[in-house]
Amino acid sequence: MSAGRAPALLMVDDRASSFTRYAARALPESLVLLRFAELRGDLREDYLRETAHLPAFWVREGVPLAEEARRYREWACELPTPPTRFCNPSEPRQHVAQRFAALAGLPHLGEHQVAWVRDKAAMKRRFRELGLRTAAFGRVRSAADVERFAAEHGWPLVLKPVDSFACVDTHLLRDRDAVRDIDLTTRDFMVEQYLGGTEWEVCALIHDGEVLSAWPSAMPYRPLAIVDGAMNANISVGTDEGPAVDLPALLQRIVTGMGIDHGYAHMEFFVVDGQVHAGEIGIRLAGCEIPANHGHAYGFDVFAATLDVYLGRRPRLDYRERRCAGDLLLPLPGSGTVRRVTSADELLRLPGVVDAVVRAGVGDTVTARRASHNASGHVHVVGESIGQVEERMRAVLDAFTIEVAPVREPDPVSG
């Protein structure tokens, strides 16, 4: 990190992640955690112990947010250094987190900005207002709405909640029969035209309204294929294999058009017949282990640079590498009790593996979900090209074993 004492940072903490763990180590005297009582069950006891040295404010469930922000301001005044900066790395907490920051008098995204980066229909409208291509899209409330959209744009279609993330409740609809078993009244849904071509990701750091750098990622498989069992990986491309797109200019158009002052941006886009179509953007850290990929690919401390922009400082981006580096999420085939699992030490002995985390241990109870972040752990794999990294990832999958025994229901009590 850049020199000088950091101001205190209030960070939303709704799940343990590599970034929050890094921040807890890097800012032991100037990090304050913002937690939500309703999500207490998502924070494991070992993580709570790991971060017990940090002050944490818990937003109570069922209490008006304005009241909790008032209570927070009084509480923060008693801290040695009250926070003056704010970071929300959580996609699902975007609305409530930014509202809380506004009520607490901290830097935040405004209501329109939150809508642009959280509501996917509003996001795509804004993209088009900024002169970008997108897939055709529309909000839907019934199967009839979906069929009318398909009559104009054709099948297949992508159906998703406007506020979803990690492909939760997202479906590829190949024909009219596919939508009939989906209850469209449970959430605010939209459909969009399925785009061919190549799907890419790109991440960027923003300081004082300027896109400082952009890091593209290749995806061996699209997220919708991942939730149906395909290899779950992202590969940061530090070589010249990246897309033939001026990514800083693309992101700068969006950042300027949305009035984003600072932060970490994560975006998906498609290249179809040489033309760019904007997919989705989030102003928060990318999911899975994508940020760490960039650190491995370019040889710099990506989390330190990210903390800098949230602390209001311009980071030094000194790249010492130019290679490809990816995160491979290790499979979690089902819910139940783990009977056998390959260790991290075994994975680290495989070619190209530079980091390995296996979160599921023998005897642990695990829960699998239909989501793009469903995993029992992850590895980081490096190589000279996208192809070499992908080949090494497949070798990891061949070597990795996890056996999960379903939890048996108790026998009914006879009486």
Side-chain angles (χ1 to χ4, degrees), residues 9-28 31-62 68 87-94 96-97 100 165-168 227 232 284-293 303 306-307 327-348 355-380 400-408:
L9 178 72
L10 178 67
M11 179 183 290
V12 173
D13 184 31
D14 62 352
R15 67 180 183 89
S17 70
S18 298
F19 179 62
T20 54
R21 284 188 163 98
Y22 180 97
R25 295 191 302 269
L27 303 174
L31 182 67
V32 178
L33 302 177
L34 179 64
R35 291 170 169 163
F36 297 87
E38 63 184 301
L39 304 171
R40 169 64 178 76
D42 293 339
L43 299 173
R44 292 172 46 140
E45 291 299 328
D46 57 347
Y47 176 70
L48 292 174
R49 289 193 296 270
E50 182 183 340
T51 55
H53 63 290
L54 299 170
F57 182 85
W58 289 84
V59 176
R60 295 173 295 182
E61 188 174 0
E68 291 301 87
C87 174
N88 172 42
S90 169
E91 175 73 7
R93 240 51 64 197
Q94 195 71 275
V96 66
F100 186 93
F165 72 104
C167 287
V168 175
V227 297
N232 193 347
R284 43 82 183 168
L285 268 79
C288 302
E289 294 294 322
I290 294 172
N293 291 344
F303 289 148
T306 300
L307 284 176
D327 67 295
L328 170 67
L329 271 61
L330 300 172
L332 181 58
S335 300
T337 303
V338 177
R339 297 302 188 198
R340 186 161 71 97
V341 63
T342 304
S343 71
D345 287 341
E346 292 174 271
L347 297 175
L348 284 167
D355 187 28
V357 174
V358 179
R359 294 194 178 90
V362 173
D364 288 349
T365 299
V366 295
T367 302
R369 300 178 176 86
R370 186 184 183 276
S372 62
H373 59 275
N374 180 65
S376 56
H378 68 269
V379 295
H380 286 289
F400 181 75
T401 298
I402 181 170
E403 293 180 2
V404 179
V407 176
R408 294 181 59 184

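With sequence neighbours excluded, no residue forms a salt bridge (charged side-chain N to carboxylate O under 4.0 Å, His left out) with Arg339. Taking the ring pair (Phe, Tyr, Trp, His ring centres under 6.0 Å) definition, one finds that Phe57 meets it with Tyr72, Trp75, sequence neighbours left out. Every residue was checked against the salt bridge (charged side-chain N to carboxylate O under 4.0 Å, His left out) condition with Asp327, not counting sequence neighbours, and none meets it. In this structure Asp46 satisfies the salt bridge (charged side-chain N to carboxylate O under 4.0 Å, His left out) test together with Arg44, sequence neighbours excluded. Under the rule for a side-chain contact (heavy atoms from CB on, under 4.5 Å), the partners of Ala23 that lie at least two apart in sequence or sit in another chain are Met11, Leu31, Leu307. Shown here are the side-chain contact (heavy atoms from CB on, under 4.5 Å) partners of Ala368, two or more places apart in sequence or in another chain: Leu332, Ser335, Asn374. Looking at residues two or more places apart in sequence or on another chain, you find no salt bridge (charged side-chain N to carboxylate O under 4.0 Å, His left out) involving Glu346. Residues that satisfy the side-chain contact (heavy atoms from CB on, under 4.5 Å) test with Ala292, not counting sequence neighbours, are Glu289, Phe303, His380. Every residue two or more places apart in sequence or in another chain that forms a side-chain contact (heavy atoms from CB on, under 4.5 Å) with Thr365 is listed here: Thr337. Scored by the side-chain hydrogen bond (donor to acceptor under 3.5 Å, both in side chains) test, Glu403 finds Arg340 as partners (sequence neighbours excluded).
Electrostatic pairing of Arg15 and Asp42 does not count as a salt bridge here, judged by no charged N lying under 4.0 Å from a carboxylate O.
To the nearest 0.5 Å, the span separating CG on Leu285 from OG on Ser90 amounts to 11.0 Å. A distance of 8.0 Å separates NE2 in His378 from CG in Leu329, rounded to the nearest 0.5 Å. Going from atom CZ of Phe400 over to atom OG1 of Thr342 covers 5.5 Å, rounded to the nearest 0.5 Å. Annotation: the span from Leu54 atom CG to Asp13 atom CG amounts to 9.0 Å, rounded to 0.5 Å. Atoms CG and CG, from Asp355 and Leu348 in turn, are 7.0 Å apart once rounded to the nearest 0.5 Å.
Looking at heavy atoms from C-beta onward, Leu48 lies in side-chain contact with Arg40 at the 4.5 angstrom threshold. At least one side-chain heavy atom of Cys87 sits under 4.5 Å from a side-chain heavy atom of Phe19. Contact check for Phe100 versus Asn88: no side-chain heavy atoms found under the 4.5 Å cut-off. Counting heavy atoms from C-beta on, the side chains of Tyr47 and Thr20 come closer than 4.5 Å.
Here the closest non-hydrogen pair linking Ala344 and Val358 is N-CG2, 3.8 Å. Counting all heavy atoms, side chain and backbone alike, Ala360 lies closest to Asp364 at C-OD2, 3.8 Å. Nearest approach of Ile402 to Pro331, heavy atoms of both residues: CG2-O, 3.7 Å.
Of the possible polar contacts, none joining the Thr401 side chain to the Val341 backbone as a donor-acceptor pair under 3.5 Å is found.
Sequence neighbours left out, the pairs with a member in residues 52-62 that pass salt bridge (charged side-chain N to carboxylate O under 4.0 Å, His left out) are Arg60-Glu68. Within the structure, side-chain hydrogen bond (donor to acceptor under 3.5 Å, both in side chains) pairs that include any residue of residues 48-59 comprise Arg21-Glu50, Arg35-Thr51 (at least two apart or interchain).
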* **Full working for side chain to side chain contact (heavy atoms under 4.5 Å, CB included) between Leu9 and Leu27** => CA-CA 9 Å; Leu9 178 72; Leu27 303 174; 4.3 Å; yes

* **Stepwise side chain to side chain contact (heavy atoms under 4.5 Å, CB included) check, Val366 with Val404** => CA-CA 8 Å; Val366 295; Val404 179; 4.0 Å; yes

* Asked: Given Leu330 and Leu347, is the side chain to side chain contact (heavy atoms under 4.5 Å, CB included) satisfied, shown in steps?
  -> CA-CA 11 Å; Leu330 300 172; Leu347 297 175; 3.8 Å; yes

